[in-house]
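Note sheet for the following structure.
Lettering of chains follows the sequences in order, A, B, ..., and the numbering in each one begins at 1.
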Amino acid sequence: MVRKNLAQWFIRITDYAEELLTDLDQLDGWPERVRDMQRNWIGRSTGAQVRFPLVGRDDALEIYTTRPDTLMGVTYMAVAAGHPLAREQAQYKPELAAFLEECASISTKEADMAQMEKKGMPLGLEVIHPITGQHIPVWVANFVLMGYGTGAVMSVPAHDERDYDFARSYGLPIRQVIQPLDANHDLAQAAWTGDGVLINSGEFDGLDAQTAKKRITAWLQQHGAGEEKVNYRLRDWLVSRQRYWGTPIPVIHCQACGVVPVAEEDLPVVLPESLQPTGGASPLACCEAFINTTCPQCGQPAKREADTFDTFMESSWYMNRYTCNHYDAAMLDAEAMQRWAPVDQYIGGVEHAVLHLLYARFYHKLMRDAGLFDAKSVGDEPFVRLMTQGMVLKNGAKMSKSKGNTVDPRQIIDRYGADTARLFTLFAAPPEKDLEWNDEGVEGAWRFAGRVWRLTARADEAVHGENNDEDCRRMRRLIHQAIGRVTHAFEHGFAFNVAIAALMELSNHLQGFAAEGEQGHAVLREGLDVLLRMLAPFVPHLACECAERAGLHDMIILAPWPEVDEQALESDTIELVVQINGKKRGSISVAPDVTRDQAMARAQATPAIARWLEKAIIVKTILVPGRLLNIVVKPQ
RNA sequence: GCCAGGAUGGCGGAAUUGGUAGACGCAAGGGACUUAAAAUCCCUUGGGCUUUAUGCCCGUGCGGGUUCGACCCCCGCUCCUGGUACCA
C-alpha cells in the first residue's frame with residue numbers, strides 16, 4: 001500500500017464546530033452517551049498559540065498549547081515529521097530524511113500509535129524562549145501530529161507525560177515550574193500534570209496554574225509573541241469518493257475559468273448508466289461521454305469532476321425529502337418542512353453516534369442557513385429524540401454478514417409465525433441493550449400466544465352461577481393496574497420487555513379468574529378486550545383474530561388505547577408491610593388512607609410483629625402511605 | 001491512558017427512581033391428565049439454618065459511608081463492554 005496525496009473536496013464543517021457543540025446541550029431527548037461522544041469528537045480546547053523565533057533566522061516556530069502556565073518549563077520543542085521545518089532540514093541531513101521516511105510509513109491508527117515507541121531526532125535548530133530569551137533545541141518527534149494545531153509543540157517534560165517519556169529517553173532536561181498539590185508526588189517518577197502553584201517562573205511565581213494561564217497568555221499578547229486560541233479536534237468533512245455509484249460532485253474543471261459549479265438549472269448531474277470500471281482512478285474519469293462537457297461560464301470544452309460524494313451526504317438529509325418527495329421547484333418544500341420537521345424520534349445503532357449523526361446535524365444547520373426552511377418553526381436540530389438500539393451478538397461478536405454469524409428470523413417465522421417471532425424478540429431484553437442471541441425463549445412466547453387464544457374461547461362460555469363482588473372488583477383492579485403499567489412501559493424508554501411481562505401477568509390473572517355469573521363474564525370480557533388492545537401492537541394478527549372471535553372488535557388495530565378507570569383502582573384495604581428497623585417482619589391489612597397511629601395499633605395487635613416490640617423501646621415510626629410502616633426500636 | 005455505560009438467581013431480565021429484591025419468561029425438578037407420547041394444567045425453584053413459622057440469618061461485583069430504610073445516593077477499589085485523541 002502507498003500513501004498518496006490527492007486533490008479532494010471537503011465541506012467546511014469546522015465553521016459549525018462551536019454551534020454543533022453548544023447545541024448538544026439542548027438535545028435532552030438524546031442519550032447522554034451519544035452527546036458525550038460528539039463532544040469528544042468535536043474536541044474543543046482553549047489554549048495559546050505561541051511564536052518562538054528561530055535563532056539566526058527571520059522566521060519563527062509557531063506552536064499551540066493548552067498549558068501556557070507551564071511556558072517557563074519548556075526544555076525543547078518538537079515538530080511533526082511532516083512539518084515544513086523538518087522537511088527543510090532533511091534536505092541537508094540524510095539521517096533526518098531517513099527518519100522522516102520512517103515516520104511517513106507508520107500507521108496513523110490510534111491503536112497502533114498508542115503502543116508506538118516515542119522516537120525523535122534533533123533538527124539542529126534552536127528557538128528563542130519569548131520570555132527568558134534562552135535558546136531551546138528543536139526536535140522532530142513521531143508522536144507529534146501534523147494534522148492538529150500547528151504540527152509543533154513546546155515540550156514541558158515536568159508537566160506532560162509524553163514530553164516526560166521523551167525527555168527521559170533522550171536525556172533532555174526536566175524543569176519543574178509547578179508545585180504539585182499532592183505533596184507526595186515524586187517528579188523523579190512521573191510528570192505532574194495537575195494543578196498547583198507556579199515556581200521557577202520569575203514574575204509568575206506564586207500564581208496558581210489557572211490564573212497563570214491567563215496572565216502568561218496576556219503577557220504573550222502584549223509582547224506580540226502569541227495569543228489565546230480555541231482549537232477543535234474536528235476536521236473538515238472529506239466528501240470525495242473515487243467511486244462510480246454515488247452522487248456526482250456537481251463541479252466542472254475549465255482550463256480558462258478554473259473550478260466552476262454546475263449551473264442550478266442543470267442539476268442534478270446524472271450518472272452514466274453503463275460503465276465498465278477499469279480500476280485505478282475514479283471510474284467516472286474513464287467515461288468520455290460523462291466527463292467531457294462545456295464550461296458554464298466561457299462555453300469552452302471542459303471536464304466534469306470524476307469523484308462522487310460520500311454516502312453520508314445523502315443520509316444527512318434524505319428524511320426531509322420524504323416530506324415533499326414530489327416537489328420539484330427546489331430541494332425541499334419549506335411549507336412541508338414546517339409541517340413535518342424535525343424528526344420526532346430517531347431509532348438507530350450507536351455505531352452512527354458520531355459520523356452520521358454529526359453530519360446530519362451539520363447538514364440541517366447548513367440547509368437552515370441556505371434558507372431552505374423556516375428556522376424558527378423547524379428549529380436548529382434535525383432529530384428531537386434519539387434511541388440507540390443495541391446490537392445483536394452471536395458468540396460475543398456483533399452479528400454481521402461478513403462474519404457469517406447471522407441468524408435469520410425466517411426460521412422462527414416459518415415455524416411459529418411472525419407474531420410469536422416479534423413477541424419473543426421484544427421480550428428478550430430492553431431495546432437499547434446489546435443482546436446475545438439465544439432462541440431458547442421462543443417456546444415461551446409461543447405458549448403465551450396459545451394461552452391468549454384459549455382464553456378468548458372463554459368469552460362465550462355459558463353463565464352458570466354467580467360471582468363474588470369482591471372477586472370482580474379485584475379482577476377489575478388488576479385489569480386497570482395492567483393498563484397503567486403497560487402504558488408507562490411504552491412511554492418510558494420503549495420498555496417493551498416490561499410491557500409484555502405486564503400483559504403476561506394480566507393474562508395469567510384472567511386465566512385464574514373464574515367467571516361464573518353475568519357480572520363475572522362482563523369483567524372477563526373487559527379484561528380480554530384490554531389485553532387484546534394492548535397486545536395488538538405486538539401481535540396484530542393474533543389480537544385481531546381473537547377480538548373478532550370473541551365479538552369484541554372487527555378491527556382491533558383501529559380501537560383506541562385503553563384508559564385507566566381510576567375508580568377501578570380503588571380498594572377498601574391494602575397490604576401494608578411492617579418493618580422493624582428496616583427489616584420486613586410482617587404485613588397488616590389496612591385502609592389505604594390509614595393514619596400512622598392506626599397502623600401502629602394494628603401492628604401491635606399482630607402477634608408476629610408484636611413479638612419484636614416486647615423488649616424494645618420504640619424510637620420512632622415512619623409511615624410511607626400505601627407502602628410500609630417502619631418501626632424504629634432500640635433494646636431496653 | 002482518558003471518557004461513558006455496566007455488574008442483580010443456572011440463564012434473559014424486573015424493581016413505580018430512597019420504601020416488600022428477584023416481577024415476567026427460560027431452563028430444571030415434582031405432580032395431574034393419557035395405554036403411551038405430545039400438548040395442556042398445577043406445584044417447587046437465590047443460599048443457609050431450625051423448633052416448619054406471617055420463623056431466623058445471609059444475599060444485588062468488593063470495601064467503607066450517609067439514612068429509620070440503599071440494587072438505587074456518596075467515597076475508594078475490581079472486572080467487563082463501548083467510544084477514543086500521545087490532540088500538546
Trp437(A) ring center within less than 6.0 Å of Phe424(A) ring center: yes
message: So Gln511(A), base contact, sugar-phosphate only, or nothing? Heavy-atom distance under 4.0 Å.
response: sugar-phosphate
What pairs of nitrogen or oxygen atoms, one from the protein and one from nucleotides 3-5 of chain B, lie under 3.5 Å apart?
none

query: What distance, rounded to whole Å, do you find between the two P atoms, one in G6(B) and one in G13(B)?
result: 14 Å
In a table with atom names and distances, give each donor-acceptor pair under 3.5 Å that connects a side chain of residues 604-614 of chain A to protein atoms at least two apart or in another chain.
{"residue": "Thr606(A)", "atom": "OG1", "partner": "Arg602(A)", "partner atom": "O", "Å": "2.9"}

- request: Quick one: list whatever passes side-chain contact (heavy atoms from CB on, under 4.5 Å) with His480(A), sequence neighbours left out.
  value: Arg476(A), Ile483(A), Glu526(A), Val564(A), Asp565(A), Ala568(A), Leu569(A)
field: Val498(A) backbone acceptor or donor facing Arg485(A) side chain under 3.5 Å
entry: no
field: Interatomic distance where CG belongs to Leu576(A) and C1' belongs to U54(B) [whole Å]
entry: 15 Å
All N/O pairs under 3.5 Å across the protein-nucleotides 44-52 of chain B interface:
none

- prompt: When you measure from every atom of RNA chain B, which of residues 157-165 of chain A have a heavy atom less than 4.0 Å away?
  reply: Arg162(A)
message: Expected output check: what is the dot-bracket annotation of RNA chain B, where ( ) and [ ] are pairs inside the strand (brackets for crossing ones), | is paired with another strand, and pairs are Watson-Crick or G-U under 3.5 Å?
response: (((((((..(((......[....))).(((((.......))))).((((.....))))..(((((..]....))))))))))))....
statement: Applying salt bridge (Lys or Arg N to Asp or Glu O under 4.0 Å) to Lys119(A) and not counting sequence neighbours gives Glu102(A)
- prompt: Who pairs with Ser587(A) by side-chain hydrogen bond (donor to acceptor under 3.5 Å, both in side chains), at least two apart in sequence or on another chain?
  reply: Glu575(A)
List every contact pair, protein side and nucleotides 56-58 of chain B side both N or O, where the distance is under 3.5 Å.
{"residue": "C56(B)", "atom": "OP1", "partner": "Arg585(A)", "partner atom": "NH1", "Å": "3.1"}
{"residue": "C57(B)", "atom": "OP1", "partner": "Arg585(A)", "partner atom": "NH2", "Å": "3.2"}
{"residue": "C57(B)", "atom": "OP2", "partner": "Arg585(A)", "partner atom": "NH1", "Å": "3.0"}
{"residue": "C58(B)", "atom": "OP2", "partner": "Lys583(A)", "partner atom": "NZ", "Å": "3.0"}

query: Within this structure, what is the NZ-to-P distance between Lys118(A) and G1(B), rounded to whole angstrom?
result: 14 Å
Residue-level proximity of residues 225-235 of chain A to RNA chain B when a heavy atom falls under 4.0 Å: Arg233(A)
message: Test of understanding: with side-chain contact (heavy atoms from CB on, under 4.5 Å), list the residues that count as partners of Ala499(A), not counting sequence neighbours.
response: Val486(A), Ala489(A), Phe490(A), Phe538(A)
Polar atom pairs (N or O), protein with nucleotides 22-33 of chain B, under 3.5 Å:
{"residue": "A23(B)", "atom": "O2'", "partner": "Glu505(A)", "partner atom": "OE1", "Å": "3.1"}
{"residue": "A23(B)", "atom": "O2'", "partner": "Glu505(A)", "partner atom": "OE2", "Å": "3.2"}
{"residue": "G25(B)", "atom": "OP1", "partner": "Asn508(A)", "partner atom": "ND2", "Å": "3.1"}
{"residue": "C26(B)", "atom": "OP1", "partner": "Arg447(A)", "partner atom": "NE", "Å": "3.1"}
{"residue": "C26(B)", "atom": "OP1", "partner": "Arg447(A)", "partner atom": "NH2", "Å": "2.6"}
{"residue": "A27(B)", "atom": "OP2", "partner": "Arg447(A)", "partner atom": "NH2", "Å": "3.1"}

